[in-house]
Engineer: 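Pasting a structure here, questions to come.
Both backbone and side-chain heavy atoms feed into the values below; hydrogens, waters and symmetry mates do not. In this text, all values refer to a predicted model and were calculated from it rather than measured experimentally. Here is how names work: the chains are called A, B, and so on, in the same order as the sequence lines, proteins then strands, and each is numbered from 1.
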Amino acid sequence: MADLDKCTNINELKQLHALIYKYNLHKDPFVAPKLISALSLCCQTGLAINVFDHVPFPDTRLCNTLIKAHVRNSDPLKAFHVFNEMLRSGISPDNWTYLFLLKACSRYECVQMIHAHVEKLNLYLDLFVCNSLIDAYSKCGIVGIVAARNVFDAMAEKDVVTYNSMINGLVRTGSLSEAKNMFDKMPQRDKVSWNTILDGYVKAGKMSEAFALFERMPWRDVISWSTVISGYTKLGDIEMARVLFDKMPVKNSVPWTIIISGYAEMGLVKEAIELFNKMEEGGFNLDDGTFVSILSASAESGLVGLGKRVHQSITKSGHKCSVLVSNALIDMYGKCGILNKAWDVFNTMDRKDLISWNTMIHGLAMHGYERKALQLFARMKQEGCTPDKVTFVGVLSACSHTGMVEEGICYFYGMEKDYGIVPEIQHYGCLIDLLGRGGRLSEAFQLVHDMPFEPNVVIWGSLLGACRMHNDALLAEKVLNQLMKLEPVNAGNFSLLSNIYATSGDWGNVSNTRLQIRKADNNSPSGVSSIELDDGFHEFTIMDVTHPKSNRIYQLVNGLSQQLKKIDFATDACV
DNA sequence: CTAGGGTTAG
């Protein structure tokens, strides 16, 4: 029974759980915390809460265990709920309570609140609590780092963790030279110190300096190797990343995940799947981090094949999908346009969070299911989930894609009035797109001037698209002038204008614009597109004739655009 | 305390 909290086998634990209940031991002040801890390790948070609820007079230690369980289950709200209940029923928190709560904090105000409690209880002198405060503040960006520094400076006794946490905070906020300064000055350095400063160089994109440091480090563990490999994949140097990956002496699932995601981000689906198979065969632990990383890389590059392969492996593992993994699956299927699969995952989730709803709404809104997206938005509110600014980007773009101008305007104003969400540039962008597509070009143009943000390429681009849609050459010229200042080498912009002239039969301006296209084209590297089919991954460029059947392909495309024209569907191919 | 990770307008 003493080793109860070390039991990680779910079946054994369930047997123990039954026995404990049978002998009424679950109310025992010694057994209950251990049982809660074990249940939460096996992701049985519901059962853990149940145990807690049956203890007649919970003490500080029991509450701490439950808080820890919620934090482990990435449910900070529930963790804070337990904390509030503690305070309400007069159970005094101790330094362990604050250690666990600080792990659950992601907002500055939240850390500040704990900080105030800690000061009041005079726990301020506890080294562990202070180290956690520095760490928690460091995760709150630029506002947090000042507060972290204040705690750091006020500490009479510091250990290596204090320095490491502070250095990590400086690295995260981009103050590499300050971090390096502190690293050089600290009394003694351990593995974590070296890895942290190494990560600083990597995060700053200084790979040659990072590599030099890596080579002269007194220790190199899996984390050091992974840090450097990840740096190379982020710079797109997958070859160098692979060389190091093959060379590293001991691997765990993290470097495997990094290299697979790296291949996926480059669109190299064959290599990614091959390595994923090898990773699975090698018996490496496939955890949430692995699934989420690779799925997100698949989503970004539109690699359905890899995404499906990962999904297969998740299903095969038999574990219930965490919210994080489910959300990543929804996003992957959504971005790849397989909406029924995304919908399946969404509907079978037992706990949805705000991001699940947002991701599903976006997926629907981007792939022609605008009405479904808006219905889902209504359902989300019915089920008691409060929308945020991201939700409204999805809602507004659903409206604009399906031409619901009045409804969109309503949602735009409702967002501040009903939810207190101040519109950001993305929301104005959607509204401008909505008005533009709806043919209300002058209103859209007016809004660009009246909104409280500087218009960017996305805004001007959407307005240019609207000009093309409604063949307004005069406005298009104005827009293109603005766009030129921000994006001088985008030939697509000119080609849109040229097509507007062509539609109105202004051939003089067509040839003028074409000349400018050629100029812009010479300044820009030619883009390569790619598509994934059943037999693998294919790359192609504009005017590509390398395919053996390219004649037949162009025939087909021309035939299709003829048919589209017949049903009054304008295409913008520039041939 | 250090490596991989879920939603954001054309």
Engineer: Counting heavy atoms from C-beta on, name the nucleotide in B/dG5, B/dT2, B/dA9 closest to the side chain of A/Lys139.
Structural biologist: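 For A/Lys139, the side-chain atoms sit closest to B/dT2.
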Engineer: Does a side-chain N or O from A/Lys251 land closer than 4.0 Å to OP1 or OP2 of B/dA3, or not?
Structural biologist: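 So the side chain of A/Lys251 is outside the cut-off, no N or O lying under 4.0 Å from OP1 or OP2 of B/dA3.
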Engineer: Quick one: A/Leu324 CG to B/dT7 P, roughly how many Å, whole number?
Structural biologist: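 One finds 10 Å between P of B/dT7 and CG of A/Leu324, rounded.
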Engineer: Side chain to side chain contact (heavy atoms under 4.5 Å, CB included) with A/Val448: which of A/Val479, A/Leu463, A/Leu435?
Structural biologist: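 Testing each of A/Val479, A/Leu463, A/Leu435 against A/Val448, the sole residue satisfying side chain to side chain contact (heavy atoms under 4.5 Å, CB included) is A/Leu463.
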Engineer: Compare all side-chain heavy atoms of A/Lys68 with those of A/Arg72 and state whether any distance is below 4.5 angstrom.
Structural biologist: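 Yes, their side chains come closer than 4.5 Å.
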Engineer: Return the nearest nucleotide to the side chain of A/Ile459; candidates are B/dA9, B/dC1, B/dT7.
Structural biologist: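 The answer is B/dA9, which lies nearest to the side chain.
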Engineer: Is any N or O donor-acceptor pair between the side chain of A/Ser226 and the base of B/dG4 shorter than 3.5 Å?
Structural biologist: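 Under the 3.5 Å cut-off, the side chain and the base do not form any donor-acceptor pair.
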Engineer: So which of residues 160-167 of chain A are in contact with DNA chain B, with a heavy-atom cut-off of under 4.0 Å?
Structural biologist: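 Of all residues in residues 160-167 of chain A, the ones placing a heavy atom under 4.0 Å from DNA chain B are A/Val161, A/Asn164, A/Ser165.
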Engineer: Quiz question: going by heavy-atom distance under 3.5 Å, is there a donor-acceptor pair between the base of B/dA3 and the side chain of A/Asn252?
Structural biologist: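 Side chain to base: pair found, below 3.5 Å.
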Engineer: Nearest to the side chain of A/Ser293, heavy atoms from C-beta on, is which of B/dG5, B/dT2, B/dT7?
Structural biologist: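 Nucleotide nearest to A/Ser293's side chain: B/dG5.
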Engineer: Please report the distance, rounded to the nearest Å, between NZ in A/Lys335 and C1' in B/dA9.
Structural biologist: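 A/Lys335 atom NZ is separated from B/dA9 atom C1' by 13 Å.
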Engineer: Which residues satisfy the salt bridge (Lys or Arg N to Asp or Glu O under 4.0 Å) test with A/Glu443, sequence neighbours excluded?
Structural biologist: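 If we apply the salt bridge (Lys or Arg N to Asp or Glu O under 4.0 Å) test to A/Glu443, skipping adjacent residues, the hits are A/Arg440.
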Engineer: Sequence neighbours excluded, which residues qualify as salt bridge (Lys or Arg N to Asp or Glu O under 4.0 Å) partners of A/Asp184?
Structural biologist: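 A/Asp184 satisfies salt bridge (Lys or Arg N to Asp or Glu O under 4.0 Å) with A/Lys180 once adjacent residues are dropped.
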Engineer: Below the 4.0 Å mark, does B/dA9 have OP1 or OP2 next to a side-chain nitrogen or oxygen of A/His362?
Structural biologist: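 Negative; the distance criterion is not met.
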Engineer: Between B/dT7, B/dG4, B/dA9, which nucleotide gets closest to the side-chain atoms of A/Ser397?
Structural biologist: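 It is B/dA9.
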